[in-house]
Protein chains: 2
Amino acid sequence: MDQTATGLDDNLLEVILRQKDDLRKSDRRVAEVVLASPGEVVAMTLAQLAKEAGVSEPTVIRFCTAIGCEGYRDLRVKLARSMAFARSTSHTAITSDDDLGALITKIFDYNLSNLNWAQSKLDEAAVRAAVDLLAGARRIEFFGFGASGIVARDAQQKFPLFGTPCGAPSDAHQMYMTAEMLCAEDVAVGISNTGHTREIVDALQVARGNGAGTIGIAGQPSPMLDHCDVPLVVETLENTDLFTPTVSRLSHLVVIDILSTAVSLRRDETHHQRITRMKARLAQRRGKLNPTSTSDSSAG
Amino acid sequence: MDQTATGLDDNLLEVILRQKDDLRKSDRRVAEVVLASPGEVVAMTLAQLAKEAGVSEPTVIRFCTAIGCEGYRDLRVKLARSMAFARSTSHTAITSDDDLGALITKIFDYNLSNLNWAQSKLDEAAVRAAVDLLAGARRIEFFGFGASGIVARDAQQKFPLFGTPCGAPSDAHQMYMTAEMLCAEDVAVGISNTGHTREIVDALQVARGNGAGTIGIAGQPSPMLDHCDVPLVVETLENTDLFTPTVSRLSHLVVIDILSTAVSLRRDETHHQRITRMKARLAQRRGKLNPTSTSDSSAG
DNA sequence: ACCCCAAAGGTAGTTTTCCTACTTTTTTCT
DNA sequence: AGAAAAAAGTAGGAAAACTACCTTTGGGGT
């Protein structure tokens with residue numbers, strides 16, 4: 001079994017795209033049509049699709065089985081599900097011609113597809129290892145710059161869930177100093193989408209050299225991950241367009257959510273009670289519009 | 001036409017859940033079955049579903065039309081698509097009994113459903129108004145605390161896209177001082193999921209009093225939005241469970257993405273060229289593993 | 001209390017859709 | 001070039017989805 005045990009590998013459009021070149025000639029014609037406008041196809045009947053692709057009906061059936069579907073009915077269902085996120089295939093670049101509605105759709109779609117992709121590619125075993133490490137930590141430090149700095153800060157705010165002091169130094173010097181002071185029972189978490197950011201790699205190496213556990217969150221195999229006890233790859237959909245926003249942040253934030261929640265669940269009943277009480281009081285403060293409140297869902 | 005013109009309202013499970021109580025008795029039996037295990041249902045045939053629900057086949061058809069589907073075929077497709085994200089209905093609370101796999105699925109699902117919901121409820125006209133205001137700003141300040149503070153900081157980092165100086169004061173005093181110094185051509189953006197955070201409301205009032213344009217991003221109609229030129233409601237799925245993470249951040253971040261991108265698109269060619277150049281050089285720095293680089297996709 | 005009317009639900013039959021057995025065409029290898 | 005195997009098509013049969021019609025149930029009104 002691979003990491004797709006979550007059952008999310010039924011991204012049919014992806015499968016079709018990958019297998020397209022290995023298909024029979026006529027089947028490929030069908031594949032073209034499906035890929036070109038999956039939205040139309042789910043509404044089509046078998047005969048219509050056959051006509052559209054210029055092939056016979058049994059060919060369409062054969063195409064279905066070739067890409068791993070039970071039959072046409074199954075294809076439709078899988079396709080529909082696939083489309084919900086993997087609208088990625090229809091992701092055209094954002095241009096100045098787009099009106100606001102198109103822009104909204106594109107950006108949401110892009111982020112949704114990306115999250116889905118990240119989920120399907122996430123290695124559960126690696127996450128488990130990270131949770132093990134974090135759960136035993138006496139102190140946790142998160143290292144990240146730029147957009148990843150945002151993620152680090154968010155993680156640090158999740159301190160109540162970790163039940164352990166958390167830090168997120170914001171500049172390279174602080175980061176270096178912090179890393180140097182870590183020791184055996186501490187954990188350092190590096191966050192960098194490229195996995196190449198030099199300071200982060202250095203900081204993790206220093207931390208590791210001092211005996212601290214190290215976790216790396218990156219979008220791809222990279223130098224940073226080579227220096228970590230637990231490398232965590234959070235895949236991102238490639239994106240080279242001018243105006244496409246940074247989608248990696250979101251998946252990184254979700255991974256942080258998962259880690260903090262998983263660690264929290266490992267704690268004992270007392271810890272849970274504290275969180276319950278904290279949440280209740282927070283809600284209370286909000287209800288009162290308490291003027292000294294600086295809280296705004298600071299506790300996940 | 002309401003704001004669901006994006007065509008994303010086909011969150012069928014949501015629709016069924018909402019209409020369930022208004023359905024005929026037998027139809028409701030069908031609804032129960034569908035809601036209980038939508039995954040099974042997409043694989044079922046009309047007759048099977050009828051048997052499972054203990055009703056006749058035409059009743060199932062009537063159920064289909066009642067909830068707005070063309071027929072059973074259509075139901076299946078819509079259901080399949082709906083399941084991809086709107087697994088929301090199957091969102092059971094996160095408990096200590098969950099294994100890691102379940103946790104990962106739940107947290108991703110929750111965030112995906114939430115983004116989807118936010119998109120379907122987003123008011124395009126309000127977004128347009130916000131973009132108009134931001135595009136004409138001489139300076140933009142983002143106000144947020146806690147999790148929303150993260151969002152504010154992220155927005156501030158998007159400064160290159162806005163093409164306008166951006167700030168995100170991190171404490172209440174700085175925020176107040178900043179608000180007091182804003183004037184007619186400036187814009188203040190308040191971010192608060194509850195929309196009740198007192199300091200933010202105050203800061204926006206001050207900013208507005210000084211003639212600055214004001215935009216509010218909140219999860220619901222609230223005091224903060226009452227004091228804004230442009231109120232922007234970014235709906236969040238309700239969530240009272242102990243361990244469920246804050247999902248609002250993600251949708252707020254996406255809205256910030258939309259706003260910054262939309263503003264950027266309004267700028268002239270020179271601006272676009274600068275961004276292109278900036279991105280290229282950033283990539284170059286990364287490639288070199290330049291030791292002075294503090295960049296990690298800081299430019300959205 | 002009874003009857004009537006309307007709405008809900010079921011039965012049976014029709015049509016559409018999907019799939020399979022078999023034939024023809026194309027391709028590939030000796 | 002010819003034979004065997006793979007690919008594509010034709011036609012017919014099974015099954016699924018839908019519709020027209022009938023029965024039942026339940027809620028007023030006299």
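Residue numbers begin at 1 in each chain, while the letters A, B, ... track the order of the sequences. Excluded from the calculations below are hydrogen atoms, water molecules and symmetry mates; all remaining heavy atoms, backbone and side chain alike, are included.
- Applying the side chain to side chain contact (heavy atoms under 4.5 Å, CB included) criterion to B:Val230, with sequence neighbours excluded, gives B:Ala129, B:Ala130, B:Leu133, B:Ile215.
- Taking 4.5 Å as the limit, some side-chain heavy atom of A:Tyr72 sits within range of a side-chain heavy atom of A:Leu49.
- Taking each heavy atom of A:Cys64 and A:Leu75 in turn, the nearest pair found is SG-CB, 3.9 Å.
- Legend: residues meeting side chain to side chain contact (heavy atoms under 4.5 Å, CB included) with B:Val127, ordered by chain and number and at least two apart, are A:Leu100, A:Ile104, B:Leu122, B:Val131, B:Leu232, B:Ile258, B:Leu259.
- With sequence neighbours left out, the salt bridge (Lys or Arg N to Asp or Glu O under 4.0 Å) criterion links A:Asp74 to A:Lys78.
- Counting all heavy atoms, side chain and backbone alike, B:Val233 lies closest to B:Gly219 at CG1-O, 3.9 Å.
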Donor-acceptor list for residues 19-32 of chain B side chains, cut-off 3.5 Å, not counting sequence neighbours:
from, atom 1, to, atom 2, distance (Å)
B:Arg24, NE, B:Asp27, OD2, 3.2
B:Arg24, NH2, B:Asp27, OD2, 3.0
B:Arg28, NE, B:Lys20, O, 3.4
B:Arg28, NH2, B:Leu23, O, 2.9
B:Arg29, NE, B:Ala53, O, 3.4
B:Arg29, NH2, B:Gly54, O, 3.0

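- In this structure, the side chain to side chain contact (heavy atoms under 4.5 Å, CB included) partners of A:Pro58, at least two apart in sequence or on a different chain, are A:Ser56, A:Arg62.
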Filtered N/O pairs between nucleotides 15-20 of chain C and protein, under 3.5 Å:
from, atom 1, to, atom 2, distance (Å)
C:dC18, OP2, A:Thr45, OG1, 2.4
C:dC18, OP2, A:Leu46, N, 2.6
C:dC18, O3', A:Arg73, NH2, 3.4
C:dC19, OP2, A:Tyr72, N, 2.7
C:dC19, N4, A:Glu57, OE1, 3.4

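- For C:dG9, the base has no donor-acceptor partner in the side chain of B:Arg29 [N/O atoms by modelled type, under 3.5 angstrom].
- A heavy atom lying under 4.0 Å from DNA chain C marks the following residues of residues 19-28 of chain B, by number: B:Arg24, B:Lys25, B:Ser26.
- Applying the side chain to side chain donor-acceptor pair (under 3.5 Å) rule to B:Asn114 yields the partners B:Ser251; only residues at least two apart in sequence or on another chain are considered.
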Side-chain donor/acceptor pairs under 3.5 Å, residues 33-47 of chain A, sequence neighbours excluded:
none

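- Bounding nucleotides for the chain B contact on DNA chain D, 5' to 3', at a heavy-atom distance below 4.0 Å, are D:dA16 to D:dT19.
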